[in-house]
Amino acid sequence: MKKIVALLLCTILVASLTSCGLFAGGKGEVDIGIVLPTKDEPRWLQDEARFKEIIKDTDYKVEVLFSQGSPETERTNVETLITRGIDVLIICPHDAAQAAAAVEKAREAGVKVISYDRLITGTEAVDYYVTFDSISVGEAMGQYLVDNATGTGNPLYLYAGALTDNNSFLFFEGAWNKLQPKVKDGTFVIKNSSEAVALQDKATLTRDEMSKIIGQVTTDWNFNVAKSKAEAHLTAVTAADKGKCYILAPNDGTARSIADVFAADADVSGYFITGQDAEKASVQYIIDGKQSMTVFKDTRTLASDAMAMAIEIIKGNTPSTDAEYDNGKIKVPSKQTPVVVVTKDNVKKELIDSGYYKASDFEGLE
Ligand code: BGC
């Protein structure tokens, strides 16, 4: 009898310690805080869903907050999580530079910071970076356009991500690596950026030079900005600048907007357009022949790498890294994940057979 009572008491003790966090490794209400940039870009809903799947099976207490494109909300989110006692902050910044102040607060409070997908720049307060290989994302896009171009004089339209996102530079750098030699040899003619034309003989661009081009062709990661820019570009050129068009679109959301504009123009006889993220809506566009490719970044891997890293840190271990990214202040130890190009030909294998999406999510998938 005594034994049973002791066992019962023990169980109650363990349960209460776990619920107040003492057994789960953390010191407060929450062990790991996750801050994502916005719910308005489908990419981050994918990441949230992946984190939620992992959280279900972990003993650690995790909270996910969204910043809705506001550096102020982002800072408040970080402060809230610090107050709740987090040990590790996983943060994908809305604005790379402005997020520095928030993570400096985290560091002052003894919290380890993992920059997630987007690097926070200009601060020493970033301990690790978990990311896809973003230069290779841009290279995959550029290479796709190159592989589908024949002859010379093919019209090339360039678009980029937000200037406040460090990734926009990495994607553009990768794309430029592949496209610039083919602009130089006459395969492509850039139609929508005087800044890019002015720099088209340069194989490697400085950050300032990239800023000039990106500043001109940025979508701000916003569907409406992408749409109105594409409309303005097609209005500004003549029918001879259209025909079969080659379009560097920086991600899936903006690709769909830009593709719709090009598809509606009577002088556009066809187009090749890039994208990234394998968003469901773009997978459907690829099946329907309205978007040519996407770069699949498996958010299952990124989210689980970030969580595994956070848990290693809580356990007092040094997480393993395989790359370094310069954030303008320090070289941040990084873990990098490769990406996969998806077209109509391999969409089933990469996205359905791999269990990422269900076949029933799409129409017309053979
Ligand atoms: C991410 C992309 C995403 C874009 C817009 C980038 O930093 O790497 O996957 O499409 O932001 O949210």
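For ligands, and for the atoms within them, numbers begin at 1 and follow the listed sequence.
- For Tyr325, the ring-ring contact (aromatic ring centres under 6.0 Å, His included) partners are Tyr129, not counting sequence neighbours.
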**Message:** Quick one, Leu145 with Thr274, criterion side chain to side chain contact (heavy atoms under 4.5 Å, CB included). Give me CA distance, side-chain angles, the key distance, then yes/no.
**Reply:** CA-CA 8 Å; Leu145 296 179; Thr274 62; 3.8 Å; yes
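- Residues with a heavy atom under 4.0 Å from ligand 1: Glu41, Arg43, Trp44, Asp117, Arg118, Asp165, Asn167, Phe171, Trp221, Asn251, Gln276, Asp277, Lys297.
- Asn77 contributes no side-chain N or O that, together with a main-chain N or O of Val35, makes up a donor-acceptor pair within less than 3.5 Å.
- Each of Leu119, Asp117, Val113 was scored for a side-chain contact (heavy atoms from CB on, under 4.5 Å) with Ser115, with one residue passing: Leu119.
- A ring-centre distance under 6.0 Å is not found for Tyr246 and Tyr157.
- In summary, the aromatic rings of Tyr159 and His233 are positioned with their centroids under 6.0 Å apart.
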